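Remarks on the structure that follows.
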Amino acid sequence: MQSWLCTGKINVDIFQGMDEHTYIRRIIEGIRHISNGEYEMEIEQTGTHPELDQIASSINELSDEVIRKTRQLQEKSYNLERQSAQQERILESLQVMVFIVDKETKKIVDINRFAAEKTGLNNLEKNDLFCYRHICTSGKKGVCSLEEKDEEVLTTECIVKDWEGNPIPVMKTVIEIEYKGRPCFLETATDISGLKQKEQVLQVREKELQESKERFEMAVEGSAEGIWDWNLLDNEAFLSEDWRKIIGYANKKPISEFKIFLKKIHPEDRKPFVEKANRFLRGEEVRYEDEFRLDTGFGGYRWILCRGVARRKAGKPIRMAGSLLDVTELKNAEIRAGEANRAKSLFLANMSHEIRTPLNAILGFSSYLNNKLVDPGMRGKAGEISKAGESLLNLINDILDISRIDTGKLQLEYHYSDVRRLSEDMQNLFASSAEENGLELVVNVDDSVPDNLRIDERRLRQVLLNLVGNAIKFTEQGRVIVRLSAVADPSYPAQTILRILVSDTGIGISHDQQQTIFEPFHQSTHVRANRNGGTGLGLALSRRLVEMMGGTIGVTSNDQPEAGPTGSIFTVIIPGLDTETPGENSRGEMAGGSS
């Protein structure tokens, strides 16, 4: 067949010599080829054949129009092919399963590569590739959820089987399209396995949270404590239901402003409450705990123990929550106990004064007898009376001191004292008793101790007498060591911290007794301790005196020989002591205190 895919010019003279029918047939054949877009043709006009020139002109116009239309169609065809290729590349690159299902036969007629990899449906020529077997929610032939619902776009969750037959949960979207001249469904499916797993985890956590919430609510309902939550950003406060009722706030909504709760606090307690809360919020206190009186509206004021913690963001507190506990009964009992304790202390003080008067007479008379009697036996009896009387007087003085501390009437008398001389007094005072018991008494004062410290010498002497006396009393063999040292106070470098250690190789103190040994009237249960007697007031008084001076007293001890050498070490630390400078006035000052 002759190819017409060319461009050229044809002279009308080529048609000369042809008969009329052949000429017309050739012209028609050329027009047909032109109309088919097989070639471009232009017929020249010579002007010698008017009839032919007219035909040529018409043919040329037809050729131009056909060529223009042909080029438009070619361009459109090219663009469509390019768009189709782009869409196919995009479709293949998507991590989404795409299926095309024949609407009538329900057979899968096309899928993208991702769907083929996921499902293993590579051979679309197989006869069993129906949508209801692989990608449909119904799973039954003749049942189509798409046709049951009159929706243009259907989105639903369903199951697609992978190449091993395992279910894949997907979110599927379906629309109706025309594909290759047939009505079809375009179905896109997104794998939501990860989302389903997250949903399952979330459901488990929600269940755990609900169970935790129920346990918490039951615990709150079963206890006397109330729960509060204060949002510091909007000043909104929440109270548990029972405590809403207690303060007369029945509304279930959060309290709009914290000041509503603040107004319920007793006027005398309101300012301290705010100050303590602010100190905590500024980070000056690690944990919040406070007691105050709260107006219940119907039962007057109740004592409340309030505890709380804070949630911070970038170091700034944004929320505070905690508990409320009604401690009115406990507080009243504490008040009554305090009043009873003060009454007891007052009674003991009065009793001590009353006993001291006749006791002083006994001591004086026994001393007189001891000087007048000649008979050694009688002098010994009088000496025993004096010794017993002095012991009784010391006991009365201890009771009186504790009573005065409890009632806040004991005052410390500060003046500059020579602590080295005080340690020498201890050495001289206990040397004979240590020697009688076969003990070595060592008193050591470190060079770091200043010559003069501003302290209550009388009360410090009283503490040392108790500690050294006990050490000698409860040590059968070995030694008793008294060490005094000093360091600069890190908080106030111009002041001194005095450290006193009294150690012995005695019977030791059990761990349980170390917790109570500084309580009044407590005595060790050790056999030797019982044999040596004692009232149990010395260490209690020593602790209170040391605490009045701003210090601490503690003990470490071992009473089990198999665990190592037995013995005890009492440590006294008194900070904030001034040292005397040359030319400084050593005038004494008075300071009150209570335990």
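A quick note: this is a predicted structure, and the numbers were derived from the prediction, not measured.
Shown here is Arg205, whose CZ atom has no more than 12 heavy atoms of other residues, nucleotides or ligands within 6.0 Å. More than 12 heavy-atom neighbours from other residues, nucleotides or ligands sit within 6.0 angstrom of CZ on Arg279. Around the CD atom of Gln477, the shell of radius 6.0 Å holds no more than 12 heavy atoms that belong to other residues, nucleotides or ligands. Summarising the local packing, CD of Glu435 is surrounded by 12 or fewer heavy atoms from other residues, nucleotides or ligands at distances under 6.0 Å. Counting heavy atoms of neighbouring residues, nucleotides and ligands inside a 6.0 Å radius, atom NZ of Lys276 exceeds 12 of them.
Using a 3.5 Å distance cut-off with no hydrogens or angles, the side chains of Asn332 and Trp303 do not pair a donor with an acceptor. With no hydrogens or angles considered, no side-chain donor-acceptor pair links Ser510 and Asp512 at under 3.5 Å. Between the side chains of Asn466 and Ser542, at least one donor N or O lies within less than 3.5 Å of an accepting N or O. Side-chain atoms of Thr505 and Arg479 include no donor-acceptor pair closer than 3.5 Å.
Heavy-atom minimum distance, Leu441 versus Gln427: O-NE2, 3.6 Å. The heavy-atom pair separating Ile455 from Tyr414 by the smallest distance is CA-CD2, 3.7 Å. Nearest heavy-atom pair, Leu465 versus Leu429, reported as atom, atom and distance to 0.1 Å: CD2-CD2, 3.1 Å. The nearest pair of heavy atoms linking Asp290 to Phe273 is OD2-CA, 3.6 Å. In this structure, Phe280 and Gly308 approach most closely via the heavy-atom pair CZ-O, 4.1 Å.
Side chain of Arg307 to main chain of Glu289: no donor-acceptor pair is present (N/O by atom type, distance under 3.5 Å, no hydrogens or angles). Looking only at distances, no side-chain donor or acceptor of Trp228 sits under 3.5 Å from a matching main-chain atom of Ala321. Using a distance-only test at 3.5 Å, with no hydrogens or angles considered, a donor-acceptor pair links the side chain of Asp269 to the main chain of Arg293. With hydrogens and angles ignored, the 3.5 Å screen pairs a side-chain donor or acceptor of Arg420 with a backbone N or O of Val449. Remark: the backbone N or O of Glu413 is paired with a side-chain donor or acceptor of Asp456 at under 3.5 angstrom. Put simply, the side chain of Ser423 never gets that close to the backbone of Val445: no donor and acceptor are under 3.5 Å apart. Panel note: side chain Ser557, backbone Gly567; a donor-acceptor pair is recorded below 3.5 Å. Checking side-chain atoms of Thr475 against main-chain N and O of Ile472 turns up no donor-acceptor pair under 3.5 Å. Here the side chain of Arg319 pairs no donor or acceptor atom with the backbone of Leu232 at under 3.5 angstrom.
By the side chain to side chain donor-acceptor pair (under 3.5 Å) test, Arg312 pairs with no residue at all, sequence neighbours left out. With sequence neighbours left out, the side chain to side chain donor-acceptor pair (under 3.5 Å) criterion links Gln495 to Asp578.
Two residues are said to be in side-chain contact when any heavy atoms from C-beta on lie closer than 4.5 Å; Leu501 and Ile481 fail this criterion. Considering only heavy atoms from C-beta on, Leu498 stays 4.5 Å or farther from Ile573 through its side chain.
Ion pairing between Arg483 and Asp446 fails under the 4.0 Å rule for side-chain N and carboxylate O.
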